[in-house]
Amino acid sequence: MSLHVAHSRSAWIDTQPQPPALPELDRDVRADVAVIGGGIVGVTTALLLREAGARVVLLEADRIGHGVTGHTTAKVSSQHGMIYAQLRSRFGADAARTYASVNEAALGWIADRVARGAIDCDFRRRPSYAYVTSSAERSQAEDEAEAAAEAGLPVSLVRTTPLPYPVEAAVRFDDQAEFHVLKYLHALVERLAHDEDCQIFEGSRAVQVDTERDCVVKTPGGSVVAEQVVIATHYPFLDRSLAFARVHPERSYALLCRIAAPAPEGMFISADSPTRSVRGVPLGGEELLLVAGEGHRTGTGGNTEERYRRLEDFAREHWDVRSLEYRWSAQDNSTVDGMPYVGRLTPRADRAFMATGFAKWGMTGGTAAAQLLADLVLGRENQSARLLDPNRLNLRASATRLVKENAEVGLRFFGDRITKRGSRPIEDLQPGEGDIVRLAGETVAGYRGDDGELVAVSPTCTHLGCRVNWNTAERSWDCPCHGSRFGPDGGVLQGPAVHRLERKPIT
């Protein structure tokens, strides 16, 4: 990149002082409900259940909020791109109205929590815009504005925005919001941490869940025995749900820039390609500019450094960029029909629940999911239960994409073994480089560290056996089938895989 990036990590994680690490699970414990996953879905679900009187254990594989939640753009909005016209077409007007209602309610719940708890998390109300720049796409914006109004949202169709470049049309939602997501999340955790009927464990990766009698969640150090379990791990790692066949993972990228002029007031996302997401971020007494986009299926992004370069080019084209302060990437899941999966793991699973598929809108979507999950666990009615049921089958909305997604997985599973046999010897790797290479006649995933040390691991993902690819920008091994990610040494960075890549000895 043309300018040095000060920090190659999430601004939310870097600028939020980390509380002392919570203990790892090293024994067997009991609870009414085990919640797996310490992001916005898991923490909010745990809080709602605890406030309803349930004894809760919350398990996080790493640090609270350091997964998907800590790498978001932190927009708190019911405007999820131009989705309402699609929802109306695929599911009907009532479904679009329900989706709008639960996401607006989630926004209001977050705002109320911030106000009641006096949470200092840079929460501020902002208008949100989804725009098109081509006259050929104007009808898309018009249809979206009509569908959003029919769904009961605070919408208007406008011709101008605060952006420094013209748009053809924009769908504006009033009274949306943005915040510093980790400041918010840590405030919720702080409330839970002082409750004797809630136990939180970090560094405790769930590797197995049995539900034959009690729900038993197993980690390397101990187990949680509970009456019910919520799997809020972004991508459910229990293959019995078959979610991996109906969800596809996508990575996207973000830059946080210092610019000469004030950042535009509002939150913005383009509906035409390439997607560009923009918002201001108050940080250290300044207003910085966040620019995000460049999404691609995990494990198929080519030279991912180019993704950051294209974002920088976009920022420089429209703003006077003085420095690049942060860069990071995120991973999100989308379902084949465009609606999240939230509910029972399988049709007969009365005690195991899941949530996934927020398609980059996890702040409101994840909070709405937590509200639904808590209601299901507690046996209460919720208007979105049927709409978001993970076991729904809507062939009209999903058949074509279901076939396409699984054809892509099949192509990767078999094709990558033929095209990526690894012809280079591992010794050819340069510092900082990873590739599928040869080691003692065997195909391996090889990496040479900046210090020159070589590391070799199995190239086969431990989830369902696809071959991993090297991610240049993040220095990780990414699975193009279902999105599992591993460090250069094979350690699990992101599921659904729960077991590391096998280490190979360097001879």
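Just so you know, residue 1 is the first one in the sequence shown, and it goes up from there.
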Side-chain ion pair, Arg309 and Glu306, N-O less than 4.0 Å: yes
Audit row: Asp478, Arg251, side chain to side chain contact (heavy atoms under 4.5 Å, CB included) steps and yes/no: CA-CA 10 Å; Asp478 297 356; Arg251 294 202 69 74; 3.9 Å; yes
Test: Asp350 and Arg344 ion pair at under 4.0 Å: yes
Donor-acceptor contact present, side-chain Arg126 to main-chain Asp175, <3.5 Å: no
Flag, side chain of Thr472 to backbone of Asn303, donor-acceptor distance under 3.5 Å: no
Test item: Glu325 side-chain N/O and Leu256 main-chain N/O as donor-acceptor pair under 3.5 Å: no
Test item: Thr335 side-chain N/O and Gly338 main-chain N/O as donor-acceptor pair under 3.5 Å: yes
Listed partners of Arg348 passing salt bridge (Lys or Arg N to Asp or Glu O under 4.0 Å), at least two apart: none
Any Arg113 side-chain heavy atom under 4.5 Å of Leu47 side chain: yes
Side chain to side chain, Leu324 and Val321, heavy atoms closer than 4.5 Å: yes
Within-4.5 Å side-chain heavy-atom neighbours: Thr367 and Trp109: yes
Over all atoms of both residues, closest heavy-atom pair of Met339 and Tyr99: SD-CD1, 3.4 Å
Residue pair Val132 / Met82, side-chain heavy-atom distance below 4.5 Å: yes
Donor-acceptor contact present, side-chain Thr45 to main-chain Val41, <3.5 Å: yes
Exercise: identify the closest heavy-atom pair between Pro480 and Thr300: CB-CG2, 3.8 Å
Donor on one side chain, acceptor on other, Glu474 and Thr304, under 3.5 Å: no
Atom pair CD (Glu250) and OG (Ser334), whose distance is rounded to the nearest 0.5 Å: 6.0 Å
Stepwise side-chain hydrogen bond (donor to acceptor under 3.5 Å, both in side chains) check, Ser252 with Glu294: CA-CA 5 Å; Ser252 54; Glu294 288 297 315; over 6 Å; no
Candidate pair Asp272 and Thr133, rule side-chain hydrogen bond (donor to acceptor under 3.5 Å, both in side chains), full reasoning: CA-CA 7 Å; Asp272 38 19; Thr133 57; 2.7 Å; yes
Donor + acceptor pair across side chains of Arg172, Tyr129 (<3.5 Å): yes
From CA spacing to verdict: side-chain hydrogen bond (donor to acceptor under 3.5 Å, both in side chains), Ser78, Gln176: CA-CA 7 Å; Ser78 58; Gln176 305 300 291; 3.3 Å; yes
Leu388 vs Tyr341 side-chain heavy atoms within contact, under 4.5 Å: no
Glu265/Arg124 salt bridge by N-O under 4.0 Å criterion: no
With a cut-off of 3.5 Å and sequence neighbours excluded, list every side-chain donor-acceptor pair involving residues 182-189.
| from | atom 1 | to | atom 2 | distance (Å) |
| --- | --- | --- | --- | --- |
| Lys183 | NZ | Asp122 | OD2 | 3.4 |
| His186 | ND1 | Gln16 | NE2 | 3.2 |

Pair Ile83-Trp361, side chain to side chain contact (heavy atoms under 4.5 Å, CB included): steps then yes or no: CA-CA 11 Å; Ile83 193 175; Trp361 300 105; over 6 Å; no
Face-on cation placement of Arg327 at Tyr308 ring, 6.0 Å and 45° thresholds: yes
N-O pairing of Arg97 and Asp94 below 4.0 Å: yes
Leu255 to Glu312 - nearest heavy-atom pair and separation: CD1-N, 3.5 Å
Residues Cys461, Cys481; criterion disulfide bond (SG atoms under 2.5 Å apart); working and verdict: CA-CA 9 Å; Cys461 177; Cys481 290; over 6 Å; no
Step-by-step side chain to side chain contact (heavy atoms under 4.5 Å, CB included) determination, Trp319 to Phe314: CA-CA 9 Å; Trp319 289 274; Phe314 171 79; 3.9 Å; yes
Glu178/Arg279 salt bridge by N-O under 4.0 Å criterion: yes
Donor-acceptor list for residues 155-167 side chains, cut-off 3.5 Å, not counting sequence neighbours:
| from | atom 1 | to | atom 2 | distance (Å) |
| --- | --- | --- | --- | --- |
| Arg159 | NE | Glu168 | O | 2.9 |
| Thr161 | OG1 | Leu163 | N | 3.1 |
| Tyr165 | OH | Tyr131 | OH | 2.6 |

Gap separating the CZ atom of Arg258 from the OG atom of Ser323, nearest 0.5 angstrom: 4.0 Å
Closest non-hydrogen atom pair, Cys215 against Gln228: SG-CA, 3.9 Å
Exceeds 12 heavy-atom contacts within 6.0 angstrom, atom CZ of Arg386: no
Residue pairs passing the salt bridge (charged side-chain N to carboxylate O under 4.0 Å, His left out) test where at least one lies in residues 66-87, sequence neighbours excluded: none
Minimum heavy-atom distance between Glu60 and Gly38, given as atom pair plus value: OE1-N, 2.7 Å
Ring centroid separation Phe358 to His80 under 6.0 Å: no
Stepwise side chain to side chain contact (heavy atoms under 4.5 Å, CB included) check, Arg276 with Arg310: CA-CA 11 Å; Arg276 294 291 181 258; Arg310 287 196 282 271; 4.2 Å; yes
Thr356 and His234 side chains, donor-acceptor separation under 3.5 Å: no
Step-by-step salt bridge (Lys or Arg N to Asp or Glu O under 4.0 Å) determination, Asp375 to Arg380: CA-CA 5 Å; Asp375 284 344; Arg380 302 187 302 210; 2.9 Å; yes
Show the atom names and distances, to 0.1 Å, of all donor-acceptor pairs under 3.5 Å that link a side chain in residues 147-154 to residues at least two apart or in another chain.
| from | atom 1 | to | atom 2 | distance (Å) |
| --- | --- | --- | --- | --- |
| Glu150 | OE1 | Arg88 | NH1 | 2.7 |

Minimum-distance pair of heavy atoms, taken over all atoms of Gly343 and Leu373: N-CD2, 4.3 Å
Side chain Asn471, main chain Trp477, donor-acceptor under 3.5 Å: no
Name the atoms and distances for all side-chain donor-acceptor pairs under 3.5 Å in residues 66-74, with sequence neighbours left out.
| from | atom 1 | to | atom 2 | distance (Å) |
| --- | --- | --- | --- | --- |
| His66 | NE2 | Gln18 | OE1 | 3.1 |
| Thr69 | OG1 | Ile40 | N | 3.0 |
| His71 | ND1 | Gly67 | O | 2.7 |
| Thr72 | OG1 | Ala74 | N | 3.0 |

Exceeds 12 heavy-atom contacts within 6.0 angstrom, atom CZ of Arg191: no
Note: Arg392-Asp337 ion pair, threshold 4.0 Å (strictly below): yes
Distance in Å, Leu290 CG paired with Tyr326 OH, rounded so as to fall on 0.5 Å steps: 12.0 Å
Worked verdict on Ser101 versus Gln383 for side-chain hydrogen bond (donor to acceptor under 3.5 Å, both in side chains): CA-CA 9 Å; Ser101 175; Gln383 64 173 325; 3.2 Å; yes
